[in-house]
Amino acid sequence: MSELPAPTLSIIVPCFNEAANVPELVSRLHKTYAKLGIACETILVDDASSDDTLAVMNELAQRYTGVRVCAHRQNRGLFEGWCSGLATAQGEYVGVIDADLQYAPEDIARLWERLNWAHCDVAQGVRLNVTGERGLRFWMSRGLNALLNLAFQMSLHDNKSGFFITRRETASDMVQFTKRYFYPQTFIMVSAHAKGYSIGEVRTVFARREQGQSFIPRFPLGVAARCLVDICRALPEFRWRRPKLTFLGQQLEAAPPARPPQPRPPARTAALGTYLKLMPLHHWVISADAGKYFQQLEQSQWMTRDQIREMQNERLQLLVSHAYNHVPFYRRRLDEAGIRAAKVTSIDDLAALPPLTKDDIREHVHFDLLAENAHLPDLYQVRTSGSTGAPLLCYVDRTQLELRWASTLRSQEWTGYRFGDRTVRLWHQTIGMNRTQIAKERLDAWLSRRLFIPAFRMTSKNLDDIVGQIVRHAPTMIDGYAESFNLLAQFLDRHPIHCPSLKGLMSSAQTLSNGSRRIIERSFQCGVFDKYGAREFSGIAYECDRHSGYHVVAESYIVEIIKNGRPAKPGEVGEVLVTDLNNRCMPFLRYRLGDLAKPAASSTCSCGRGLPLIGEIMGRTQSIVIGTEGQFLPGAFFAHLLKDYDYAIKQFQVYQERFGAIELRIVKGGRFSQSVLDQILAQLHDYLGRDLVIDVEFVDSLALVRTGKFQHSVSNLRFDFQTLSVAPVEAAATATGNGQAEGASD
């Protein structure tokens, strides 16, 4: 017997005492399926009927292909019938229809057409009364529709209609409510609207019930009263509060991780709770919802790799559907590539999508890259520093920022830090902020016991004072730019200190050389934890205490490492592409961040976390230096190559603006000599070609940029990494160790 194709569309039919109606309904549904020309299935849900409905269903399942039956042991209502059907459905799309034949099954074809050609998330049937009856129930239904529209700022012609088709993942999101209601089905379109889904209305026939009995009585005054109570309960969930992201909660409820999060002492729990409740005072975008996401991330890190991948696949399907329906840039791009959004169902399908470039963003950010249904009050403008090229403007939404905050706190606690401990941050505390934001930032630092030390003001002359501030503050963790730690390493190598409270340092932005890492770890007597990130996303991946690679924040990002258009193999250097699963206002699908990395040698880490791994971060493509025979060196290589010459060179920078030549800028150290320079030039010629022109320029200093960053190499060559046919030279493959990509930041 040949295996049936996977259904494209699943139609869910909740039934309670509908034995007289179900046979005709199923017959008409199958005729409609034949006209649609797609594989369909019918899911009949018996809600503990007292007649022979279940027996009739089972007989129909034997007679018709694609009819499936599930049954409730107790009567649970129409809405729970939808949920049971969703849990059983296998189609990419799902639809719901009542069993009483008041909705015409043939109208499913019209809903299907509207969904596929009108770029909406939900196609809903608007009941067209063909009987001409205008009784009490008719006017009460019209009144309820008007009340729903008024209460939830909507304008649907038939808000309460429960006849619709949508993506399965969208439907699963729509039925996630935080409160209990007498008639939750009343709010299905309210939920869709509140969660940002677009609704396309289709006028459909609505006939009189001929067989069976409705649960609504002839004089539904009690039903009306309960509906009013429901609306009052629903206002906080769908009108006054922003709907929370529910995918993590759903996943954790369906498959709880075997390893629970580490319990937090009551005092620390109270401190974190107070801090979260005060979020509006010390954050200008993030709300207290970030705390809920943090609690979920504490659990989700222990999900299995398969569970995490399944979660990512579901989020990706929703994201691509949203991008196609609401972002003209992606709609045009997918149409030009001949890609149906519905066919992108897993990470493996991502390869068919053209990558998003920085030039795409610069050209389209104010034209057609913003989602048409973006909630403007939740938008936040992000500008990159431009340390690896021209500055970039993009937008993120509140939910993405809240998950940023939550994932950052989770990874910080991997160092041994716990919220409430003292910390030090070597950062650019207030650059680019207005007065209100500066005040909030300082209040936040006070509440979280964080000492800021401006990274861009660190010099060799004030390091003694800075180290003194750190020791007096007695932090549990220090985080900051790698360049700041490199400066500290030079000082601490000559002036050891004792800071017993310190458990870990978190380094980000540039490459922390292995030499600097060893000095820092020896001086501070704690581990260094690298963070890999970018302003567009904040932290993308973090080291855990096993230091076997970088754990991707998989709840938020899909990371690909691509070489010549295919996934890079272990040991190969590839280009990093990032898909942001949560930023719906301006989707990033396969974004070419401009970094080079290696895949991890192993897909698992001994720490037990199911989060996927990245191997080594090699540097930015904008810091690649090209040799005379096509060989390339990532920027991290030069820090590795010259690390043993720190006695002779205080600072250096390699600059390339034309093929066949580089400029080497050097700040001389105390023991600099011509022989040292000759050794360095000889090694550069070995790696980059004997005929390479190297111009040496001696300078007094190489200043950090305003945010405290520094680049060891800068390239103004225009090339596409994916078109390079040569591999990096062997020495460069091990240059970075556990370093951080140059130019990346949060």
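If you're wondering where the values come from, they're calculated on a predicted model, not measured in any experiment.
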* To do: Please report the shortest heavy-atom distance between A290 and I286, naming the atom on each side.
  => CB-CG2, 3.7 Å
* To do: Quick one: do Y293 and R404 satisfy side chain to side chain contact (heavy atoms under 4.5 Å, CB included)? Show the steps, please.
  => CA-CA 10 Å; Y293 299 145; R404 282 188 184 196; over 6 Å; no
* To do: Return the minimal non-hydrogen interatomic distance between C607 and W302, and the atom names on each side.
  => O-CZ3, 3.3 Å
* Do D444 and H283 touch side chain to side chain, with heavy atoms closer than 4.5 Å? -> yes
* **Minimum heavy-atom distance R449-G420, with the two atoms named** => NH1-O, 2.8 Å
* Please identify each residue that fulfils side-chain contact (heavy atoms from CB on, under 4.5 Å) with K277, with sequence neighbours left out. => none
* **Close side-chain approach of V553 to Y532, heavy-atom, < 4.5 Å** => no
* Kindly check if the number of other-residue, nucleotide or ligand heavy atoms within 6.0 Å of NZ (K440) is above 12? => yes
* Asked: Can S556 and Q400 be counted as having a side-chain donor-acceptor contact under 3.5 angstrom?
  -> no
* **Euclidean distance, R309 CZ relative to I558 CD1, rounded to 0.5 Å** => 8.5 Å
* Asked: Hey, does S602 have a side-chain heavy atom less than 4.5 Å from the side chain of P570?
  -> no
* Minimum heavy-atom distance T415-Q412, with the two atoms named -> OG1-O, 2.6 Å
* Asked: Do the side chains of E441 and F452 get nearer than 4.5 Å, heavy atoms only?
  -> yes
* Structure fact -> When every non-hydrogen atom of Y550 is compared with those of A541, the smallest separation belongs to CB-CB, 3.6 Å
* Asked: For D545, which residues count as a salt bridge (Lys or Arg N to Asp or Glu O under 4.0 Å) partner, sequence neighbours excluded?
  -> none
* Asked: Can you tell me how far OH of Y417 sits from OG of S501, rounded to the nearest 0.5 angstrom?
  -> 13.0 Å
* To do: Kindly say whether N582 contributes a backbone atom to a donor-acceptor pair with the side chain of R315 at under 3.5 angstrom?
  => no
* Under 4.5 Å between any side-chain heavy atoms of R590 and I562, yes or no? -> yes
* Structure fact -> Residues L297 and S407: closest non-hydrogen pair is CD1-N, 3.5 Å
* Structure fact -> To the nearest 0.5 Å, atom OH of Y591 lies from atom CD of E536 at 3.5 Å
* Asked: side-chain contact (heavy atoms from CB on, under 4.5 Å) with L613: which residues, sequence neighbours excluded?
  -> H551, A600, C605
* Sequence neighbours excluded, which residues qualify as ring pair (Phe, Tyr, Trp, His ring centres under 6.0 Å) partners of H282? -> Y275
* Asked: Taking only residues two or more places apart in sequence, or in another chain, which ones meet Y557 in a ring pair (Phe, Tyr, Trp, His ring centres under 6.0 Å)?
  -> F537
* Take T604 and R305 through the side chain to side chain contact (heavy atoms under 4.5 Å, CB included) test and state the conclusion after the steps. => CA-CA 8 Å; T604 59; R305 183 70 187 93; 5.7 Å; no
* Does the side chain of L356 reach to within under 4.5 Å of the side chain of L589, using non-hydrogen atoms? -> no
* Separation of M477 CE from L502 CG (nearest 0.5 Å) -> 9.5 Å
* Is there side-chain contact between V528 and H547, with at least one heavy-atom pair below 4.5 Å? -> no
* Structure fact -> In this structure, CG of L451 is separated from CG of L426 (nearest 0.5 Å) by 9.0 Å
* To do: Return yes if a side-chain donor-acceptor contact under 3.5 Å exists between Y395 and Q381, otherwise no.
  => yes
* Asked: If we only count heavy atoms from C-beta on, is the S603 to P612 side-chain gap below 4.5 Å?
  -> no
* Output yes when a side-chain donor or acceptor of Q301 lies under 3.5 Å from a complementary backbone atom of L611, and no otherwise. => no
* With distance as the sole test, does N313 use its side chain to make a donor-acceptor pair with the main-chain N or O of I347 at under 3.5 Å? -> yes
* Distance from R259 atom CZ to R609 atom CZ, nearest 0.5 Å? -> 7.0 Å
* **Between Q262 and R418, a side-chain donor and acceptor under 3.5 Å** => yes
* Donor-acceptor under 3.5 Å (D580 side chain, F588 main chain) -> no
* Residues that D421 engages under salt bridge (Lys or Arg N to Asp or Glu O under 4.0 Å), provided they are two or more places apart -> R268
* Intermediate values then yes/no, side chain to side chain contact (heavy atoms under 4.5 Å, CB included), I470 and I453 -> CA-CA 9 Å; I470 293 173; I453 296 177; 3.8 Å; yes
* E555 and R410: side chain to side chain contact (heavy atoms under 4.5 Å, CB included), yes or no, with the steps? -> CA-CA 12 Å; E555 300 90 345; R410 178 180 70 177; 2.8 Å; yes
